[in-house]
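To start, the structure under review is shown below, and the notes come after it.
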Number of protein chains: 2
Amino acid sequence: MPQMTLRDIAYALGLSVSTVSKALRDSYEISKDTKERVIAYARTNHYLPNRMAKSLKEGKSGSIGVVVCSIDNSFVSRMLDGIDGVCAQAGYDIVIMQSKESLVQEKSCLKQLEARGVEGILISPSAETIGFEHLLALRETGMPIVLFDRISERFESDQVGIDNYHAAFQATEHLLANRYRRIAMLNIGLDIPFARLRSAGYLDALKKKHLTYGKQLIRPCWPDTGETLKDRVRASIQSLFELAEPPDALFTATDQLSTLSLSVLHEMGHRIPEDIALIGFSNTELADVLTPPLSTIYQPALEIGRLAAEKLIGLISGRGLSEEYETVILPAQLHIRDSSRPGVKVQVNG
Amino acid sequence: MPQMTLRDIAYALGLSVSTVSKALRDSYEISKDTKERVIAYARTNHYLPNRMAKSLKEGKSGSIGVVVCSIDNSFVSRMLDGIDGVCAQAGYDIVIMQSKESLVQEKSCLKQLEARGVEGILISPSAETIGFEHLLALRETGMPIVLFDRISERFESDQVGIDNYHAAFQATEHLLANRYRRIAMLNIGLDIPFARLRSAGYLDALKKKHLTYGKQLIRPCWPDTGETLKDRVRASIQSLFELAEPPDALFTATDQLSTLSLSVLHEMGHRIPEDIALIGFSNTELADVLTPPLSTIYQPALEIGRLAAEKLIGLISGRGLSEEYETVILPAQLHIRDSSRPGVKVQVNG
DNA sequence: CTGTTAGCGCTTTCAA
DNA sequence: TTGAAAGCGCTAACAG
């Protein structure tokens with residue numbers, strides 16, 4: 001039998017559908033005896049309530065939508081793990097969709113999730129997402145929304161993320177403390193809120209040291225069509241080395257840029273940190289066993305996911321009625337390793 | 001307005017619900033004029049059909065369940081990416097659940113997915129899954145199922161995976177060709193079908209060279225409660241080095257074991273491959289920039305995901321009516337790098 | 001304590 | 001060409 005229904009049970013036991021329904025939900029209205037008979041029958045016959053029907057009836061689907069740029073990213077998947085843990089615990093299941101860094105795609109994901117009847121949405125906006133009108137509109141319909149990872153001051157909302165500005169500032173200061181003076185930065189599109197903050201932290205750290213090259217050494221890495229991100233990274237690094245005064249250190253603003261840069265620098269035969277130091281945002285567990293061990297800015301991915309999910313479930317449950325939105329900022333951790341240790345060249349000038 | 005329904009449109013336009021429904025589905029029964037009015041109204045008012053209702057009515061949910069051991073695993077997440085690509089294309093969305101390598105958990109996931117009304121299931125069974133009765137029972141109810149990644153000859157079913165036996169055989173032969181003779185193996189539980197095949201490939205390669213230590217150098221790594229997998233790897237490697245004749249090479253049977261072994265060997269101060277060579281199943285893009293570059297057996301994760309999803313969608317669509325189950329075996333690729341290059345010790349004996 | 005009834009939003013005969 | 005009505009499986013108000 002494909003799917004047993006309440007009706008089947010009712011028929012088999014000579015009861016009505018509603019009695020069976022109530023018995024299964026342990027209603028006080030039903031006699032102990034009947035309950036037992038119903039439950040026994042349901043068990044032995046592997047009755048499974050149809051959630052589609054229940055969802056339709058109750059107007060809630062028991063699922064939560066999650067939109068990320070790409071599931072195929074260790075940082076993202078760790079956040080998803082955190083999200084899933086909390087949601088599973090609370091009895092929600094999650095529907096994950098990928099924006100692949102496209103705003104159009106992101107909107108389409110949101111539409112689908114809405115249509116599917118998710119009770120709330122967790123989103124890490126795409127790189128193309130500058131404005132938040134679509135999210136505002138969605139929230140207007142009563143959909144609870146929590147931004148995670150890629151948070152933004154331009155969108156009044158509940159958010160969970162890290163202090164991008166400060167993390168970038170610290171990383172840059174660390175390079176400066178190790179006497180690097182021509183620090184280049186690889187970033188993704190500069191319009192993206194979190195990327196902008198990382199640039200700002202970098203720039204302010206330079207400014208504090210009265211270094212005046214400003215944005216000249218920033219390279220936004222956004223692949224053109226038909227080009228991989230790695231191609232773009234290669235081209236960017238190439239262009240930096242062709243400068244009259246090439247950089248002596250590189251600060252990479254995302255997970256992917258960090259490891260790609262490491263690969264590309266290897267390919268090009270540059271020694272790290274002798275020729276160029278490297279530090280970047282990264283969450284790989286492999287940082288210690290890379291060549292050289294990679295200095296990283298580590299973000300607490302699991303924790304971000306957990307907190308975001310908890311916040312969302314709170315909103316769904318009607319708690320967090322306080323009209324005020326809350327932004328949770330977790331600290332990022334600087335993990336200093338060999339790729340940014342004080343370089344040899346420094347001694348020459350010292 | 002929270003959710004506009006057909007009724008709202010019908011009321012606004014002075015039509016009946018069924019007319020609106022048909023108009024929206026471009027039925028031949030409806031006049032061009034009416035269709036246009038309805039569609040225009042629906043567009044401007046952002047009508048979204050309620051998929052829960054549609055699902056209930058049609059008895060199909062438009063979603064596919066995916067069960068994996070853990071989403072937080074780069075190999076898994078790449079397969080998921082492949083799956084999602086195909087499913088999204090075909091208009092299905094995916095509900096991902098994690099078994100966390102527990103059979104109980106796996107069963108619970110399957111129950112939930114079934115209740116949720118998924119139209120098919122893609123599963124990479126947990127490490128504890130020795131028998132397949134629960135999957136058989138589920139399939140009896142008419143649920144299409146495709147096994148991916150962790151395939152098994154013990155379960156007659158559609159499957160997509162790699163040739164584990166052959167891959168392990170090749171990797172071991174490679175070590176032998178580079179003159180390593182005491183080759184140890186780290187594996188997960190030996191009952192797991194794919195792990196068993198990997199062991200078998202390893203053992204047969206040894207046998208072919210008339211190496212007689214057989215299973216003595218195999219270490220199953222399954223964390224006890226309160227212990228991390230890394231702890232277990234550390235203990236296993238420790239025990240290998242404490243042997244009268246310690247190994248000169250190590251073959252690791254899973255992604256996690258490979259990178260953990262690399263870390264642990266680093267920690268313990270062993271040089272690779274001078275003290276011990278290393279090759280393992282791994283899908284990290286970082287293999288080239290590890291210390292040393294890690295020889296790996298690479299599995300085409302994205303492709304596995306894609307093919308499995310395509311197969312499943314085929315089954316759902318009623319194609320693949322052929323009573324015969326199909327097992328697709330993709331080749332794994334041996335990527336030889338420094339961690340398994342011919343060692344120094346060899347010269348001494350040579 | 002149990003059953004009848006109405007409907008959640010949609011699709012789909014069958015009539016008009 | 002349009003509409004009325006039934007029903008997917010479940011819940012809940014209301015009767016009995």
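All values reported here derive from a predicted model rather than from experimental measurement. Proteins get letters first, then strands, A, B, ... in listed order; numbering begins at 1 in each.
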| Shortest side-chain distance from A:Thr5, nucleotide among D:dC10, D:dA12, D:dG3 | D:dC10
How many angstroms lie between atom [atom1] of [X] and atom [atom2] of [Y], to the nearest 0.5 angstrom?
{"X": "B:Ile316", "Y": "B:Cys87", "atom1": "CD1", "atom2": "SG", "value": "7.5 Å"}
{"X": "A:Ile162", "Y": "A:Ile151", "atom1": "CD1", "atom2": "CD1", "value": "8.0 Å"}
{"X": "B:Leu312", "Y": "B:Ile121", "atom1": "CG", "atom2": "CD1", "value": "9.0 Å"}
{"X": "B:Met52", "Y": "A:Met52", "atom1": "CE", "atom2": "CE", "value": "11.5 Å"}

| Closest nucleotide of DNA chain C for B:Glu29 versus for B:Pro49: which of these residues is on the 5' side? | B:Pro49
| request: Establish, from distance only, whether the side-chain atoms of A:Thr129 and A:Glu106 form a donor-acceptor pair under 3.5 Å. | output: yes
In whole angstrom, give the distance that lies between atom [atom1] of [X] and atom [atom2] of [N].
{"X": "B:Glu58", "N": "D:dC8", "atom1": "CD", "atom2": "C1'", "value": "10 Å"}
{"X": "B:Lys54", "N": "D:dG7", "atom1": "NZ", "atom2": "C1'", "value": "17 Å"}
{"X": "B:Tyr11", "N": "D:dT2", "atom1": "OH", "atom2": "P", "value": "20 Å"}
{"X": "A:Tyr47", "N": "D:dG9", "atom1": "OH", "atom2": "P", "value": "10 Å"}
{"X": "A:Met52", "N": "D:dC8", "atom1": "CE", "atom2": "C1'", "value": "9 Å"}
{"X": "A:Leu24", "N": "D:dT11", "atom1": "CG", "atom2": "P", "value": "8 Å"}
{"X": "B:Leu6", "N": "D:dA4", "atom1": "CG", "atom2": "C1'", "value": "15 Å"}
{"X": "B:Leu15", "N": "D:dT1", "atom1": "CG", "atom2": "P", "value": "14 Å"}

| When you match B:Thr34 and B:Leu56 each to their closest nucleotide on DNA chain D, which lands nearer the 5' end? | B:Thr34
| task | Measure from the side-chain N and O atoms of A:Lys311 to the backbone N and O of A:Thr327, and report whether any donor-acceptor pair falls under 3.5 Å. | result | no
| task | Determine yes or no for a side-chain-to-main-chain donor-acceptor pair under 3.5 angstrom, with A:Glu326 supplying the side chain and A:Asp158 the backbone. | result | no
| What nucleic acid atoms does B:Arg7 come within less than 4.0 Å of, heavy atoms only: base, sugar-phosphate, or nothing? | nothing
| request: Mind checking A:Ser31 for me? I need base, sugar-phosphate or nothing, with any heavy atom below 4.0 Å counting as a touch. | output: sugar-phosphate
| task | Return the set of residues passing ring pair (Phe, Tyr, Trp, His ring centres under 6.0 Å) with B:Phe155 (not counting sequence neighbours), or none when no residue passes. | result | B:Phe132
| query | Think B:Ser16 has a side-chain N or O under 4.0 angstrom from the OP1 or OP2 of D:dT2? | reply | no
| request: Look at the side-chain N and O atoms of A:Arg51 and state whether any lies under 4.0 Å from the OP1 or OP2 oxygen of D:dC10. | output: no
| said: Would B:Asp81 and A:Lys100 count as a salt bridge (Lys or Arg N to Asp or Glu O under 4.0 Å) here? Give the steps. | reply: CA-CA 11 Å; B:Asp81 191 18; A:Lys100 294 289 180 187; 2.9 Å; yes
| query | Can you name the nearest heavy-atom pair linking A:Thr34 to A:Ile30, along with the distance? | reply | CB-CG2, 3.8 Å
| Using a heavy-atom cut-off of 4.0 Å to chain A, what are the terminal contacting nucleotides of DNA chain C, in 5' to 3' order? | C:dC1 to C:dG9
| Using rotation axes that map the C1' atoms of four end pairs onto the next four (five pairs an end), what angle separates the end axes of the helix from C:dC1-D:dG16 to C:dA16-D:dT1, to 10°? | 50°
